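The block underneath contains the structure these notes are about, expressed in structure tokens.
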Amino acid sequence: MISRIWRPIKEGFLGVFRHGSMSSSSCIAVTVTLGIISLFLLFSVNVGQFTQGIEQSVEISATVDYSYESAQQEDRISLAIQSIDGVDTVTYYTKDEEFQYYLDSFSSEETKEAFRPFEGENNPMHDTFYVTVKDGQDLEAAATAIQAIEGIDSVNFGGASAVKLMRVLRSIRFAGWFVALLTSLLAVLLISNTIKVTITARADEIAIMRNVGARNGFIRSPFVVEGIIIGALGAIIPVAVMIYLYRSLYEFTGGYLISQMFTLVPPDTILPYAVVILAGIGILVGLLGSFFSVTRYLRWKR
Amino acid sequence: MIECVHVYKKYKNGVNALYDINFKVEQGEFVYIIGPTGSGKSTLIKLLDGEEIPTKGTVKVVGIDVGKLRHSKVPVYRRNIGVVFQDFKLLPTKTVFENISYALEVINLRKDLIRRRVREVMNLVGLDEKGNSFPRELSGGQQQRVAVARAIANRPKVLIADEPTGNLDPSMSDEIMALLEKINREYGTTILMVTHDLTIVNKHRKRTVVLEHGHIVADLAEGGYVQHDQ
Ligand SMILES: Nc1ncnc2c1ncn2[C@@H]1O[C@H](COP(=O)(O)OP(=O)(O)OP(=O)(O)O)[C@@H](O)[C@H]1O
Ligand SMILES: [Mg+2]
């Protein structure tokens, strides 16, 4: 029957409306907590993006000792590098290519001429392997492993500062997610507690409903709809503010902070997910909070 | 209609509220339950509407063993009986019309039938004009009439009332009494009414069960209250 679906919905809306002050206090609880969650959510996603950006720009260069420049030796070295855990790509350049690359970095012809004597036999460059890793976390370990390969002269990777920065970003991101998770849990507690208080005030109502013959499910469904509505209403403001502020930030900064390395996630990529997550938390918490509170008060009296 | 056999009630806190209650109410009867405060009258009503479970003995209403009902089945059982309370127990955020129709929605009655029936009982209790009022906008007597209308909306065979006039002044009490008598007469509804009010008992004479300290001390078929030694 259609009324089985419509009655709780209609009653739910009426309930929100008729218990105005209770509804608004629950809504505010939802609004505040979702606001905080959205901050940490966007923060963590962007820090994650920074870390990734840095990780991708970092590669290891491993030079080959002069006495291991034979094709046979270098094949062995290349295979050894590829078999290291976490290694993504290995690219090889001969010392001549390296020298050419070095020359090309100068624009004036005079400077280039000045380096001519070092071409050919006198080339001070080494044959070099450029190695990228799948996960920035493996960078140091990979570098150490490459260094240990027989025939490797020196290993270099953006230096300790890159690793340090990645470590810092990693822990910031972790902290961000942690706080987001923690505030989500707090939100669940706060919201369901507020709903519990508003339903406690209506424990008599629930008892009366049982008195006049309403089954538990019949009593519960409008309350659950009310919870959903309150969760959704409470999510509107934080979602709107988040969209507006993040778009403004993105436009104001031009899409990155300080340098290209800190590229912000574009609003169109991140916001749809963020909206779904926030609205989802609001609605789910409203739904569960009211469900469990009503269920508790259904058992209050026989 | 109503039958208590060797019913005892001891509350969890150790209070013995009822001892060996035996009585029977036939269909169409109107019975008063009277007795001093604390004598167990409300306890008896709570055993009848399923809110409390007897410690011993059986309570049967319309053929249902009320004390054996599962918690989730209690509301379903209550569709067979109407209950009126001293404090009305109306839903504060529903209008008069909605309060009454709620008792019919729970049995999934068709919408047009609900409307018709609510109008009918509102007319019966003399509140045709008050459908859109909220309970707080009505006098005590009017609220109690709404409660009566709700209790009889789905034509229960039994109506039990715990001091329905307890919060009302004498003229309002008379209105409610007239209403209950009308329901008893016209629908043949069995009525069991707890009261404190000896004026009512003596004015509208009916079978009267007297409770004292949890015992039935008198069951007067001809009604009227007989003062006796305490
Ligand atoms: N829920 C309860 N828990 C424990 N004891 C109770 C409970 N309800 C009632 N009692 C006790 O049971 C006894 C009978 O109470 P009951 O309410 O049935 O009396 P009553 O006849 O309705 O009195 P009144 O005329 O004042 O309404 C009293 O001693 C009371 O304190
Ligand atoms: Mg009482």
Side-chain angles (χ1 to χ4, degrees), chain A residues 1-26 195 197-223 225-227 229-230 290-291 294-302, chain B residues 45-54 66-67 69-85 87-95 98-114 134-136 146-154 156 160 162:
Chain A
M1 259 172 58
I2 296 169
S3 72
R4 288 216 180 158
I5 299 165
W6 280 112
R7 185 196 62 89
I9 296 176
K10 200 186 91 189
E11 296 269 315
F13 275 97
L14 263 181
V16 172
F17 183 70
R18 285 183 180 168
H19 300 93
S21 59
M22 292 183 191
S23 306
S24 31
S25 60
S26 303
I195 289 173
V197 169
T198 67
I199 289 181
T200 307
R202 292 163 73 181
D204 286 319
E205 236 177 287
I206 292 170
I208 294 171
M209 289 168 175
R210 278 179 62 88
N211 275 328
V212 298
R215 276 173 184 275
N216 293 347
F218 191 91
I219 297 172
R220 190 156 37 203
S221 52
F223 279 94
V225 172
E226 252 187 78
I229 295 168
I230 284 169
S290 52
F291 183 92
V294 178
T295 301
R296 206 180 122 200
Y297 285 102
L298 282 171
R299 302 213 64 95
W300 177 50
K301 279 192 178 166
R302 227 170 101 84
Chain B
I45 294 290
K46 285 175 185 165
L47 291 176
L48 292 173
D49 84 349
E51 194 178 326
E52 293 290 348
I53 300 172
V66 183
L69 290 170
R70 284 176 47 201
H71 184 273
S72 61
K73 293 282 181 253
V74 173
V76 182
Y77 152 70
R78 289 188 181 133
R79 296 170 190 176
N80 297 293
I81 60 169
V83 191
V84 178
F85 303 90
D87 57 355
F88 322 135
K89 293 205 191 299
L90 298 175
L91 295 167
T93 55
K94 290 191 185 294
T95 64
E98 290 164 347
N99 261 285
I100 302 171
S101 68
Y102 193 85
L104 298 170
E105 281 164 21
V106 300
I107 56 171
N108 248 315
L109 197 63
R110 252 175 42 209
K111 250 206 156 94
D112 50 334
L113 296 181
I114 291 180
F134 285 94
R136 62 170 180 279
V146 176
V148 171
R150 179 182 63 185
I152 60 163
N154 68 355
I160 58 180
D162 190 359

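All figures in this text were calculated on a predicted structure; none of them were measured in a lab. Letters A, B, ... are given to chains in the order of the sequence lines, protein chains preceding strands, and every chain is numbered from 1.
- Only the side chain of B:F85 comes within contact range of chain A, with heavy atoms under 4.5 Å apart.
- Note: B:T95 OG1 to A:L14 CG = 9.5 Å, rounded to the nearest 0.5 Å.
- If you measure heavy-atom distances from A:R202 to chain B, you find no contacts under 4.5 Å at all.
- The minimum heavy-atom distance linking A:H19 with B:T93 is given by the pair NE2-CG2, 3.3 Å.
- Atom CZ of A:R18 sits in a crowded spot, with more than 12 heavy atoms from other residues, nucleotides or ligands closer than 6.0 Å.
- Between the NZ atom of A:K301 and the CD atom of B:E52 there is a distance of 9.5 Å, given to the nearest 0.5 Å.
- Contacts of B:E105 with chain A are made by both backbone and side-chain atoms, with heavy-atom separations under 4.5 Å.
- For the pair B:K111/A:R7, no side-chain contact is recorded, criterion being any heavy-atom separation below 4.5 Å from C-beta on.
- Contacts between B:I81 and chain A at a heavy-atom distance below 4.5 Å are absent for every atom of the residue.
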Yes or no on side chain to side chain contact (heavy atoms under 4.5 Å, CB included) for A:N211 and B:D49, after CA distance, side-chain angles and deciding distance?
CA-CA 8 Å; A:N211 275 328; B:D49 84 349; 4.2 Å; yes
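- The two residues A:A214 and B:P75 have their closest heavy-atom pair at O-CB, 3.1 Å.
- Residues A:E11 and B:K94 are paired through a salt bridge, judged by an N-O separation under 4.0 Å between the basic side chain and the carboxylate.
- Using a 4.5 Å cut-off between heavy atoms, B:F88 does not touch chain A at all.
- Ranked by heavy-atom pairs under 4.5 Å with chain B, the first of A:R302, A:R215, A:E205 is A:R302.
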